[in-house]
Amino acid sequence: MENDKSAVADRPMFGRRDPDARGYFGAYGGRFVPETLVAPIEELTAGYLAARDDRAFRGELETLLTHYVGRPTSLYETRRLAAECGGGPSGKAVGAGAAAAATAAARGPAKAGRGVRILLKREDLAHTGAHKINNALGQALLARRMGKRRVVAETGAGQHGVATATACALLGLRCCIYMGAEDMRRQALNVVRMRLLGAEVREVEAGSRTLKDAINEAMRDWVANVTDTYYLLGSALGPHPYPLMVREFQSVIGYEARRQMLDQVGRLPDVVVACVGGGSNAMGIFDGFLEDAEVRLVGVEAGGDAIAPGRHAARFAGGSTGVLQGTRTFILQDEAGNIEPTHSISAGLDYAAIGPEHAWLRDLGRTEYVHVSDADALEGFQTLARLEGILPALESAHAIAYAMRLAAEVADDTVILVNLSGRGDKDVQSVVEALR
Ligand SMILES: *Cc1c(COP(=O)(O)O)cnc(C)c1O
């Protein structure tokens with residue numbers, strides 16, 4: 001591990017593919033912020049660009065990613081899941097109960113002996129149970145480097161709040177998490193976790209009392225306390241430089257995955273599949289393969305229970321371009337430009353905007369986007385649990401469900417890599433309720 005460190009600190013994750021000077025990826029991104037935020041955003045941009053060029057900063061991040069987060073996370077090849085889809089290293093089909101048989105029937109007959117392979121990048125094994133810690137730790141180190149002693153963040157379901165509270169505990173930073181009152185009620189356990197980690201959790205009563213309102217409050221706090229406070233945003237969203245910075249902190253996923261594919265499988269995957277909420281885990285894994293033109297990159301959005309206003313969060317299926325919370329991108333809005341309510345069984349995918357770099361890569365034809373319904377995600381959750389002994393996060397279960405659909409359609413020797421963005425312990429209660 002130690003002797004690998006300097007090599008990893010030199011990895012080309014920083015400083016490639018920057019947006020333009022105004023923060024645009026093609027027609028998307030930018031900085032749509034009130035006057036009061038212009039100076040703090042400029043200070044942040046300068047602070048970030050300096051930090052990413054600083055070997056000491058990168059070295060400290062690498063050390064913590066290795067010894068604290070537990071990186072590299074493993075690349076694991078499924079056997080029973082691939083076999084269920086008619087492929088796998090053994091090539092043997094495995095019977096797996098009535099529910100799976102029903103899915104298989106819905107997909108059409110599985111062709112026995114097909115060699116489709118399905119591999120999982122195990123971000124669920126990272127400390128705190130998801131990829132979010134990669135970004136939280138990177139930005140918390142940046143906050144400290146910029147001389148900020150207090151961190152504010154928003155959280156929806158609480159996953160980003162927990163990752164941020166964790167990073168702040170580790171680095172001795174004060175931490176204040178804004179969370180909608182409705183979300184606090186639904187995610188009471190995460191509120192307890194954050195408080196145990198030493199964070200203050202502030203209840204947001206405004207608007208729909210969910211994530212969007214929590215972001216507004218966190219930004220307000222930042223403006224009011226900017227001399228000592230850092231705003232730690234949780235996905236590849238918001239005004240420049242956040243989409244760039246979050247992608248660069250998450251790109252460790254794709255960097256590791258590409259090397260692991262070559263080491264363990266001897267080739268690159270044909271397709272990389274990742275779920276897309278704001279888009280950080282997907283940008284993180286896609287980043288490792290963007291320059292490999294032959295590798296298909298597929299983002300999976302939340303199809304909810306129908307592609308109809310208020311019933312899903314598939315921005316590319318029901319959205320159009322607009323501005324939300326600091327960035328121009330694809331958003332779910334009505335004809336008058338009002339943000340539509342969204343729905344997904346997984347809280348982490350339930351947001352009206354997608355990261356701007358995704359919109360740009362889609363325009364360029366480099367990435368593709370599909371959506372998976374609540375029902376199919378639930379099926380993916382149960383299938384992975386039963387066949388591989390892994391409870392995926394409901395977000396990640398969307399990617400699993402799509403990989404299963406894809407495996408039934410593609411050529412025999414196709415290799416599919418799925419980013420398993422997080423573990424599903426947090427979702428057990430929701431799954432039990434949904435199955436009732
Ligand atoms: C938050 C979360 C997501 C969605 O966020 P992205 O920024 O799109 O990655 C996906 N999976 C898990 C496990 C999460 O916690």
Side-chain angles (χ1 to χ4, degrees), residues 13 65 69-78 81-82 117-135 159-160 163 234-236 246-261 264-265 268-290 292 295-302 346 348-349 354-355 357-358 361 366-372 377 380-381 383-384 388 390-407 414-424 427:
M13 66 188 264
L65 288 175
V69 176
R71 305 204 70 90
T73 57
S74 74
L75 178 76
Y76 163 71
E77 175 152 19
T78 68
L81 178 70
R117 298 169 74 173
I118 303 176
L119 293 103
L120 308 177
K121 178 60 173 161
R122 298 288 307 275
E123 290 302 294
D124 62 313
L125 296 177
H127 179 48
T128 69
H131 68 289
K132 285 197 170 75
I133 190 72
N134 305 325
N135 169 54
Q159 295 305 110
H160 174 57
S235 191
V246 176
R247 182 250 287 164
E248 289 192 322
F249 285 134
Q250 292 294 359
S251 68
V252 65
I253 305 171
Y255 177 78
E256 287 174 6
R258 188 177 192 282
R259 286 171 48 141
Q260 289 168 320
M261 285 297 306
Q264 292 173 227
V265 185
L268 295 178
D270 296 294
V271 192
V272 177
V273 179
C275 66
V276 189
S280 70
N281 87 88
M283 277 314 311
I285 195 161
F286 289 176
D287 191 67
F289 302 94
L290 269 180
D292 304 304
V295 179
R296 278 177 64 192
L297 305 174
V298 184
V300 184
E301 296 186 280
S346 69
L349 304 186
I354 189 166
E357 197 172 4
H358 283 285
L361 291 171
R366 182 63 192 94
T367 52
E368 310 160 45
Y369 298 84
V370 297
H371 50 84
V372 157
F381 180 100
T383 304
L384 195 69
E388 297 289 346
I390 299 169
L391 292 178
L394 274 172
E395 291 84 3
S396 324
H398 285 71
I400 295 292
Y402 181 70
M404 291 171 63
R405 193 188 298 168
L406 190 67
T414 302
V415 177
I416 301 173
L417 169 62
V418 181
N419 197 22
L420 197 73
S421 54
R423 68 179 183 223
D427 294 318

Are any side-chain N or O atoms of [X] and backbone N or O atoms of [Y], one a donor and one an acceptor, separated by less than 3.5 Å?
X: Thr128; Y: Ile133; answer: no
X: Asp427; Y: Leu394; answer: yes
X: Glu395; Y: Gly348; answer: yes
X: Glu388; Y: Leu81; answer: yes
X: Ser74; Y: Arg122; answer: no
X: Asn135; Y: Phe249; answer: no

Given side chains that start at C-beta, do those of [X] and [Y] come closer than 4.5 Å, heavy atoms only?
X: Leu119; Y: Tyr76; result: no
X: Tyr255; Y: Pro72; result: no
X: Val298; Y: Val272; result: no
X: Arg405; Y: Val372; result: yes
X: Val295; Y: Val271; result: no
X: Arg366; Y: Leu290; result: yes
X: Asp270; Y: Ile416; result: no
X: Arg423; Y: Pro392; result: no

From His131, His160, Arg247, Lys132, residue fulfilling side-chain hydrogen bond (donor to acceptor under 3.5 Å, both in side chains) relative to Ser280: His131
Please lay out, stage by stage, how Phe381 and Ile400 fare under the test side chain to side chain contact (heavy atoms under 4.5 Å, CB included). CA-CA 8 Å; Phe381 180 100; Ile400 295 292; over 6 Å; no
Starting from the C-alpha separation in whole Å, work towards a yes-or-no answer on side chain to side chain contact (heavy atoms under 4.5 Å, CB included) for Leu420 and Leu384. CA-CA 11 Å; Leu420 197 73; Leu384 195 69; 3.8 Å; yes
Nearest heavy-atom pair of [X] and [Y]: which atoms, and what distance?
X: Ile118; Y: Ala407; answer: CD1-CB, 4.2 Å
X: Ser396; Y: Cys275; answer: N-SG, 4.1 Å
X: Pro269; Y: Phe289; answer: CD-CE2, 3.6 Å
X: Gly279; Y: Ser235; answer: N-OG, 3.4 Å

Point-to-point distance, once rounded to the nearest 0.5 Å, from [atom1] of [X] to [atom2] of [Y]:
X: Asp124; Y: Ser421; atom1: CG; atom2: OG; answer: 8.5 Å
X: Arg258; Y: Ser251; atom1: CZ; atom2: OG; answer: 13.5 Å
X: Leu417; Y: Leu120; atom1: CG; atom2: CG; answer: 8.0 Å
X: Ser346; Y: His398; atom1: OG; atom2: NE2; answer: 4.5 Å
X: Leu406; Y: Arg296; atom1: CG; atom2: CZ; answer: 5.5 Å

With Glu123, which residues qualify under side-chain hydrogen bond (donor to acceptor under 3.5 Å, both in side chains), at least two apart? Arg71, Thr73, Asn134
Going by side chain to side chain contact (heavy atoms under 4.5 Å, CB included), name the residues that satisfy it together with Ala130, two or more places apart in sequence or in a different chain. none
Side chain to side chain contact (heavy atoms under 4.5 Å, CB included) partners of Ala274, counting only residues at least two apart: Asn281, Ala282, Ile285, Phe286, Asn419
Pair listing, salt bridge (Lys or Arg N to Asp or Glu O under 4.0 Å) test, anchored in residues 275-286, at least two apart: none
Test side chain to side chain contact (heavy atoms under 4.5 Å, CB included) on Val300 and Leu349; report intermediate values, then the result. CA-CA 10 Å; Val300 184; Leu349 304 186; over 6 Å; no
All salt bridge (Lys or Arg N to Asp or Glu O under 4.0 Å) counterparts of Lys121, not counting sequence neighbours: Glu256
Residue list, ring-ring contact (aromatic ring centres under 6.0 Å, His included) with Tyr369, at least two apart or on another chain: Phe316, His358
